[in-house]
Enquirer: 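Take this structure, written in structure tokens, and hold onto it; I'll ask about it next.
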Amino acid sequence: MFKKVSIDEAVSLIKDGSTVGISGFMGSACPEYVLKNMEESFLRSGHPCDLTLTHSPGVGDGKDRGMNHMAHKGLLKRVIASHYNLAPKLQSMVDAGEIEAYLLPQGTICQLYREIGAGRPGVITKTGLGTFVDPRLEGGKCNALATRDLVEVIELGGEEYLWYKSFPINVAVIRGTSIDEHGNISVEKETTIVDQQALAVAAKHCGGIVIAQVERVVASGSINPRDVIVPGILVDYAVVSPAECHYQNFGNQPYDAALAHEFRVPVDSLPILPMSDRKIIARRAAMELPRNAVINLGIGMPEGVSSVAVEEGFADQLTMTVEAGQIGGVPAAGAAFGGAYNPEFVNDMIRHFDFYDGGGLDVCFLGAAEVDKMGNCNVSKFTRTVGPGGFINIASNTPKCVFCGTLTAGGLKTEVRDGKLVILQEGKSKKYMKQVKQVTFSGANAVKSGQTVLFVTERAVFTLDKDGIILTEIAPGVDLQTQVLDMIDFDVRVSPDLKLMDARIFAEGPMGLELK
């Protein structure tokens with residue numbers, strides 16, 4: 001039987017030197033109250049300290065919340081995660097070499113929790129081969145302090161795999177909405193079901209404890225057993241959070257009932273993108289959609305594809321998915337990313353990544369911050385250590401990948417005049433470069449596995465073959481030499497059948513786009 005405890009008691013249960021698993025997806029399902037008070041306890045007393053923290057998605061608001069609370073020398077010794085950009089204070093410690101830090105694929109980390117809980121040696125998968133998590137490149141190590149080999153190349157049946165090794169978890173800090181008197185937890189007001197149960201099982205297998213942050217305690221029998229996501233036999237302690245520390249997500253909306261799926265919203269009430277680089281890229285990307293496709297949309301630029309689908313009236317002919325586990329409906333954007341309006345099914349994140357890793361998607365739309373001649377992409381390391389999130393799982397295992405992003409960055413300004421793209425101010429940085437700073441997507445592996453790969457920018461479209469990328473389309477009004485080829489740091493091949501991008505992309509109002 002679980003014990004209801006105060007926040008001070010809950011934090012005191014986390015012993016120095018523990019490995020602590022944290023639930024959350026950005027702000028969704030994040031135990032913010034516990035994290036905040038762990039920080040306050042350390043600053044007051046010096047405890048808990050020397051912690052190893054692990055979380056599968058990025059957890060934070062880009063400012064002060066989430067994993068930013070953990071960014072103190074002595075509090076943290078080691079981090080194993082998939083994304084640090086939402087926790088800039090923690091990110092700074094990683095880049096300064098003040099803590100031992102690793103980055104692994106988001107889906108593989110949450111799958112690893114499941115394997116830890118089952119007493120198995122880890123996750124064996126092809127996901128990550130040829131990327132920076134491959135130990136022949138960087139092994140997911142972020143700085144000089146990171147000397148542990150968390151990933152190993154093995155051979156099975158004459159084929160190469162990566163073995164992501166299990167490690168002990170002493171404390172699971174998870175979050176739900178309600179807990180009943182027997183400790184059963186539900187998530188009726190959360191936007192996502194992430195990895196709470198797997199973390200809890202992992203901690204229990206390792207002889208550790210499970211601490212749950214909840215909004216309320218309800219009577220036994222109040223929760224339909226089908227709605228329980230963590231059974232009471234796994235929960236040791238629960239702390240009831242005040243409302244101001246129990247965010248649905250880290251967006252501006254304190255509680256959006258539609259994101260908790262209390263009701264459905266008319267999709268035509270969602271905002272339409274204005275004409276912009278983002279809309280141009282989203283429109284061209286959407287032209288790669290087959291009817292009835294199951295797709296994934298990454299955060300940022302690719303989110304615009306859902307807006308195009310709504311504006312063109314074919315959102316109901318697609319099944320859009322989000323890596324947090326949402327299937328169907330329209331993905332939420334910005335700080336609410338991870339949720340969805342009107343989904344047909346809300347999966348837990350681990351089974352969702354099993355589906356992705358198994359090739360369940362037809363097309364994925366992902367960002368592309370850097371691209372090189374051979375089609376390698378970097379979204380994980382620049383002047384700061386960012387991390388891949390779910391990018392590696394999705395990009396490595398989807399038959400068709402469409403990478404979305406502007407050709408240059410840093411001050412790029414454009415407009416559309418009379419159906420033509422006008423570059424008003426060029427970006428300061430070239431994104432298509434001789435060598436990416438870190439390989440988050442392997443062009444060579446994509447070619448070897450037979451993936452179809454496109455790179456869509458506001459002014460040009462490229463495809464990938466065995467010899468690298470090739471320019472196949474340019475925008476009307478754009479000069480091939482000065483505004484495309486000169487903005488690329490390598491000699492790019494130009495298709496003999498070079499075409500203009502579809503004129504409808506650059507016109508106001510719906511395109512009249514129909515799915516193939």
Side-chain angles (χ1 to χ4, degrees), residues 54 56-57 78-84 94 100-112 115 120-167 298 323 353-354 356-359 364 366-382 385-399 401 403 433-451 453 464 466 468-469:
T54 178
S56 44
R78 183 183 301 113
V79 184
I80 303 168
S82 74
H83 203 265
Y84 297 135
V94 171
E100 184 182 341
Y102 304 84
L103 283 167
L104 303 177
Q106 175 185 325
T108 309
I109 293 177
C110 64
Q111 292 164 343
L112 189 55
E115 301 308 296
R120 292 188 282 260
V123 175
I124 296 173
T125 177
K126 291 189 175 184
T127 296
L129 282 168
T131 74
F132 79 93
V133 299
D134 189 319
R136 292 166 295 193
L137 275 71
E138 301 172 47
K141 300 169 183 175
C142 297
N143 55 29
L145 290 180
T147 58
R148 299 186 177 212
D149 296 321
L150 302 185
V151 189
E152 185 176 319
V153 179
I154 63 173
E155 186 174 302
L156 294 173
E159 295 189 48
E160 285 186 342
Y161 293 84
L162 293 182
W163 169 28
Y164 296 83
K165 302 175 184 179
S166 291
F167 53 85
E323 63 201 67
F353 272 103
D354 288 344
Y356 283 172
D357 285 356
C364 65
L366 300 168
E370 291 180 352
V371 179
D372 68 21
K373 182 175 182 177
M374 299 311 297
N376 298 314
C377 292
N378 172 28
V379 299
S380 52
K381 187 172 184 178
F382 310 101
T385 299
V386 175
F391 182 100
I392 293 177
N393 298 88
I394 297 162
S396 297
N397 298 300
T398 303
C401 299
F403 295 103
M433 52 185 53
K434 292 178 182 178
Q435 184 175 354
V436 295
K437 293 183 183 70
Q438 190 168 70
V439 178
T440 331
F441 174 80
S442 168
N445 274 25
V447 171
K448 182 179 179 181
S449 63
Q451 287 177 286
V453 181
L464 178 66
K466 63 182 179 62
I469 68 170

Enquirer: So, Arg136 and Glu160, do they make that salt bridge, N to O below 4.0 Å?
Expert: yes
Enquirer: For Ile124 and Leu156, work out which heavy atoms get closest and say how close.
Expert: CG2-CD1, 3.9 Å
Enquirer: By side-chain hydrogen bond (donor to acceptor under 3.5 Å, both in side chains), which residues pair with Thr54, not counting sequence neighbours?
Expert: Tyr113
Enquirer: Rounded to the nearest 0.5 Å, how far apart are OH of Tyr356 and OG1 of Thr398?
Expert: 8.0 Å
Enquirer: So, does Asp357 use its side chain to make a donor-acceptor pair with the main chain of Thr127 at under 3.5 Å?
Expert: no
Enquirer: Hey, could you give me each pair passing salt bridge (charged side-chain N to carboxylate O under 4.0 Å, His left out) that has a residue in residues 366-378? Not counting sequence neighbours.
Expert: Glu370-Lys437
Enquirer: Given Leu104, which partner from the list Val123, Val151, Leu162 fulfils the side chain to side chain contact (heavy atoms under 4.5 Å, CB included) test?
Expert: Val151
Enquirer: About how many Å separate CZ of Phe391 and SG of Cys377, when rounded to the nearest 0.5 Å?
Expert: 5.0 Å
Enquirer: Atom NZ in Lys434, atom CE in Met374: separation rounded to 0.5 Å?
Expert: 16.0 Å
Enquirer: Kindly say whether Arg148 contributes a backbone atom to a donor-acceptor pair with the side chain of Tyr102 at under 3.5 angstrom?
Expert: yes
Enquirer: Just by distance, do the side chain of Asp149 and the backbone of Glu152 share a donor-acceptor pair under 3.5 Å?
Expert: no
Enquirer: Is the side chain of Glu100 donor-acceptor paired with the backbone N or O of Arg78 at a distance under 3.5 Å, no angle test?
Expert: no
Enquirer: Nearest 0.5 Å please: distance from the CZ atom of Phe441 over to the CD1 atom of Ile392.
Expert: 11.0 Å
Enquirer: Do Asn378 and Phe132 come close enough that some side-chain heavy atom pair is under 4.5 Å?
Expert: no
Enquirer: Quick check for you: to the nearest 0.5 Å, what is the distance between Leu112 atom CG and Tyr164 atom OH?
Expert: 10.0 Å
Enquirer: Apply side chain to side chain contact (heavy atoms under 4.5 Å, CB included) to the pair Thr131 and Thr440, showing each step before the final yes or no.
Expert: CA-CA 5 Å; Thr131 74; Thr440 331; 5.8 Å; no
Enquirer: Is the side chain of Gln451 donor-acceptor paired with the backbone N or O of Ala395 at a distance under 3.5 Å, no angle test?
Expert: yes
Enquirer: Which pair of non-hydrogen atoms, one from Thr385 and one from Tyr84, has the smallest distance, and what is that distance?
Expert: O-CB, 3.9 Å
Enquirer: If you take all heavy atoms of Phe353 and Cys110, which pair is closest and at what distance?
Expert: CD1-SG, 4.2 Å
Enquirer: Could you tell me which non-hydrogen atom of Pro105 sits nearest to which non-hydrogen atom of Ser82, and how far apart they are?
Expert: C-CB, 4.1 Å
Enquirer: Indicate yes or no for a side-chain donor-acceptor contact from Ser166 to the backbone of Arg120 under 3.5 Å, with no hydrogens or angles considered.
Expert: yes
Enquirer: Please confirm whether the backbone N or O of Ala146 pairs with a side-chain atom of Asn143, one donor and one acceptor, at under 3.5 Å?
Expert: yes
Enquirer: Within the distance-only criterion (no hydrogens, no angle test), does the side chain of Asn397 pair as donor or acceptor with the backbone N or O of Gly358 below 3.5 angstrom?
Expert: no
Enquirer: Is the shortest heavy-atom distance from the side chain of Asn445 to the side chain of Ser396 under 4.5 Å?
Expert: no
Enquirer: Mind checking whether Ile394 and Leu366 have side chains closer than 4.5 Å, heavy atoms only?
Expert: yes
Enquirer: Let me confirm one number: the SG-NZ distance from Cys142 to Lys381, rounded to the nearest 0.5 Å.
Expert: 7.0 Å
Enquirer: For the residue pair Ala446 and Leu464, what are the closest heavy atoms and their distance?
Expert: CB-CD2, 4.3 Å
Enquirer: What I want to check is whether the side chains of Asn393 and Gln106 have a donor and an acceptor closer together than 3.5 Å.
Expert: no
Enquirer: What is the minimum heavy-atom distance between Gln438 and Ser380, and which atoms define it?
Expert: OE1-OG, 2.6 Å
